[in-house]
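Here is the naming used below: chain letters follow the sequence lines, and residue numbers restart at 1 for every chain.
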Protein chains: 2
Amino acid sequence: MNDTEPSAVPWLSADEQRAWRAFVRVHLKLSARMAADLQSHSGLSSADFEVLVAVTDVSEGRVRFQDLAKDLDWEQSRLSHQIRRMIKRDLVAREECEEDGRGAYVAISEHGRAVIEAAAPRHVRVVRRLVLDGLTAEEFAELGRLSAKLSDQIDRVETA
Amino acid sequence: MNDTEPSAVPWLSADEQRAWRAFVRVHLKLSARMAADLQSHSGLSSADFEVLVAVTDVSEGRVRFQDLAKDLDWEQSRLSHQIRRMIKRDLVAREECEEDGRGAYVAISEHGRAVIEAAAPRHVRVVRRLVLDGLTAEEFAELGRLSAKLSDQIDRVETA
DNA sequence: CGAATATAGATGATGTGACAACTAGTTCGG
DNA sequence: CCGAACTAGTTGTCACATCATCTATATTCG
């Protein structure tokens, strides 16, 4: 496994590989756990939850598709499919846009607001138990800092 | 962000929230980027890639479904569907199991081996450019350490 | 042995996500 | 104002994930 040839691309060292795998794994585990908890206790998928949070985040209680897609960093078509499904469950409603005939708003429904308000406290509790309680405040801050740095790096680098 | 209704939902402190969001976001970005790169340059999905890596990782070039599912931490049915699709594309083959009439092996195909060997170097390059190059060695090691610690925490905590 | 039970894996239904093609409304250059 | 280019959002298709259910073989135990 000691491939010290001067090839164009050095493989990862054992330590690097361990770190990389741990990094990948923790996200998979975490998102699986949180999604399962959310689903079983609130009947919401992670996607549902994200949408509801984003829509309730604005005071008007409704957002243009465009803006919502940008907030969530989702493709428009994904959002469109997602909203269609959420409308069927009366979590949000679609409202026509007066200023632009092409446009539309996604608006929180009464039921949707009730659901997200019921779900949020538990969600926070789960985040605390799974993540914050496992690290010191300094470690968690450092994790955030490294994540942000990495995020910038990813935005900066072209891979095409 | 506008906070017209602050009290209904106990959220995280502003710093905690920033860290948490950065942590979640970086995973989403990273997996999206890597999946897109893999797909466009090798014609493989992340799932395909994982399977091929796992199968070529063993010297025999074939693994029992059970063991593979365990390695990948996948549900059996997910693996079954995935392998069916991969067989259709001649990336792997199914081999009967002599010792256990119920069992089966997933075996790497010639074509599958060629594909994964062609894909791997670029994959490593992308990991380096997106992740390793953005952090110092110490930072990366710390990220790995924190990830592992978090992973343990997640395994330890019940959320049911 | 032979019935109950456990195990390996497959399958069908359903919901989700990415991508490309599409429709309809808007803007802009002439 | 008219048509070309642009923009907002929708839709179809296929890959993927989960769940419940199903088949066939193995094992266990009376």
Side-chain angles (χ1 to χ4, degrees), chain A residues 27-29 31-40 42-52 62-89 91-107 160, chain B residues 27-29 31-52 62-89 91-107:
Chain A
H27 283 288
L28 293 175
K29 266 194 213 175
S31 45
R33 278 289 284 272
M34 304 225 334
D37 186 85
L38 201 56
Q39 183 66 59
S40 66
S42 309
L44 297 175
S45 66
S46 300
D48 297 333
F49 186 80
E50 283 182 68
V51 168
L52 291 177
R62 66 175 201 175
V63 201
R64 284 287 294 271
F65 268 82
Q66 288 286 343
D67 301 332
L68 189 48
K70 203 161 190 180
D71 278 0
L72 296 170
D73 200 14
W74 282 10
E75 301 220 348
Q76 226 184 23
S77 96
R78 176 180 177 184
L79 184 59
S80 186
H81 285 300
Q82 177 70 31
I83 295 302
R84 179 176 39 73
R85 291 187 296 257
M86 291 178 75
I87 288 173
K88 246 190 321 201
R89 293 190 290 146
L91 291 168
V92 294
R94 189 196 145 99
E95 294 181 2
E96 293 306 319
C97 177
E98 306 78 27
E99 314 90 74
D100 188 330
R102 297 164 299 183
Y105 288 100
V106 179
Chain B
H27 166 236
L28 294 175
K29 267 194 214 175
S31 46
R33 278 289 283 272
M34 305 222 337
D37 186 84
L38 202 56
Q39 184 66 59
S40 65
H41 287 87
S42 311
L44 296 175
S45 67
S46 299
D48 297 332
F49 186 80
E50 282 182 70
V51 168
L52 290 178
R62 66 177 203 174
V63 200
R64 284 288 293 271
F65 268 82
Q66 289 286 341
D67 300 332
L68 188 49
K70 202 160 189 179
D71 278 0
L72 296 171
D73 202 13
W74 283 11
E75 301 219 349
Q76 219 188 26
S77 98
R78 175 181 177 187
L79 183 58
S80 188
H81 285 299
Q82 177 70 31
I83 295 300
R84 179 177 40 71
R85 290 187 297 259
M86 291 179 74
I87 289 173
K88 242 189 325 200
R89 293 189 291 144
L91 291 168
V92 296
R94 190 197 142 97
E95 293 182 4
E96 293 306 320
C97 177
E98 305 79 26
E99 314 91 75
D100 189 330
R102 297 165 299 184
Y105 288 101
V106 179

Could you go over nucleotides 1-7 of chain C and give all protein N or O partners under 3.5 Å, atom names and distances?
from: C:dT7; atom 1: O2; to: B:Arg102; atom 2: NH1; distance (Å): 3.0

Using a cut-off of under 3.5 Å, enumerate the N/O to N/O pairs linking the protein to nucleotides 21-23 of chain C.
none

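Nucleic acid contact for B:Ser45: sugar-phosphate only, since backbone atoms but no base atoms lie under 4.0 Å from a heavy atom of the residue. Among the heavy atoms of the strands, none lies under 4.0 Å from B:Gln39. Residue contacts shown for A:Arg78 are limited to sugar-phosphate atoms, with no base heavy atom under 4.0 Å away. Among the protein residues, B:Arg94 comes within range of the sugar-phosphate backbone only, with heavy atoms under 4.0 Å from sugar or phosphate atoms but none that close to a base.
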Step-by-step side chain to side chain contact (heavy atoms under 4.5 Å, CB included) determination, A:Leu44 to A:Leu91: CA-CA 10 Å; A:Leu44 297 175; A:Leu91 291 168; 4.1 Å; yes
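For B:Phe49, the ring pair (Phe, Tyr, Trp, His ring centres under 6.0 Å) criterion is met by B:His123, not counting sequence neighbours. Taking the ring pair (Phe, Tyr, Trp, His ring centres under 6.0 Å) definition, one finds that B:Phe65 meets it with nothing, sequence neighbours left out.
Taking atom CG on B:Leu79 and atom P on C:dG9, their separation rounds to 9 Å, with Å as the unit. Atom CD of A:Gln76 and atom P of C:dA20 are 15 Å apart (whole Å). Here C:dT26 presents its C1' atom at 14 Å from CD of A:Glu99, a figure rounded to the nearest Å. Put simply, CZ on B:Phe49 is 19 Å from C1' on D:dA15, counting in whole angstrom units. Atom CD1 of B:Ile83 and atom P of D:dA15 are 15 Å apart (whole Å). The interatomic distance linking A:Phe65 (CZ) with C:dG25 (C1') rounds to 16 Å, in whole Å. Across the protein-nucleic acid pair, B:Glu75 atom CD and C:dA8 atom P stand 15 Å apart, rounded to whole Å. Following rounding to the nearest Å, B:Glu96 (CD) and D:dA24 (C1') show an atom-to-atom distance of 12 Å.
If B:Glu98 and A:Asp100 are placed on DNA chain D by their nearest nucleotide, the residue sitting closer to the 5' end is A:Asp100. Of the residues near DNA chain C, A:Gly101 and A:Trp74, the one whose nearest nucleotide (by heavy atom distance) lies more toward the 5' end is A:Trp74.
Here the closest heavy-atom approach between residue B:Glu98 and residue B:Tyr105 is recorded as OE1-CE1, 4.2 Å. Looking at every heavy atom in both residues, A:Ala107 comes nearest to A:Glu95 through CB-OE2, 3.4 Å. For the pair B:Gly103 and B:Arg94, the tightest heavy-atom approach, listed with the atom from each and the gap, is O-NH2, 4.3 Å. Across B:Cys97 and B:Arg64, no two heavy atoms sit closer than the pair SG-NH1, 3.3 Å.
Here the side chains of B:Ser46 and B:Met34 are not in contact, with every heavy-atom distance at 4.5 Å or above. Put simply, the side chain of B:Val106 does not reach to within 4.5 Å of the side chain of B:Arg62, judged on heavy atoms. Within the 4.5 Å cutoff, side-chain heavy atoms of A:Met86 are placed close to those of A:Leu52.
With values rounded to the nearest 0.5 angstrom, A:Asp71 atom CG is found 11.0 Å from A:Glu50 atom CD.
When the C1' atoms of four end pairs are superposed on the next four at each end of the helix from C:dC1-D:dG30 to C:dG30-D:dC1, using five pairs per end, the two resulting axes differ in direction by 0°, to 10°.
Between A:Gln82 and C:dG17, a side-chain N or O to OP1/OP2 separation shorter than 4.0 Å is present. An OP1 or OP2 oxygen of D:dA17 is reached within less than 4.0 angstrom by no side-chain nitrogen or oxygen of B:Arg84.
Taking the side chain of A:Ser77 as heavy atoms from C-beta on, and the options C:dC19, D:dT18, C:dG9, the nearest nucleotide is C:dC19. For B:Ala104, the listed nucleotide lying nearest its side chain is C:dG9; candidates were D:dT11, C:dG9, C:dG17.
A donor-acceptor pair is defined here as one N or O able to donate and one able to accept, closer than 3.5 Å; no such pair exists between the side chain of B:Ser42 and the backbone of B:Gln39.
Interface remark: the A:His81 side chain does not form any donor-acceptor pair with the C:dG15 base, using a distance-only criterion of under 3.5 Å.
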What side-chain donor-acceptor pairs closer than 3.5 Å can you find for residues 72-85 of chain A, not counting sequence neighbours?
from: A:Asp73; atom 1: OD2; to: B:Arg25; atom 2: NH2; distance (Å): 3.4
from: A:His81; atom 1: ND1; to: A:Arg84; atom 2: NH2; distance (Å): 2.9
from: A:Gln82; atom 1: OE1; to: A:Arg85; atom 2: NH2; distance (Å): 3.1
from: A:Gln82; atom 1: NE2; to: A:Asp48; atom 2: OD1; distance (Å): 2.6

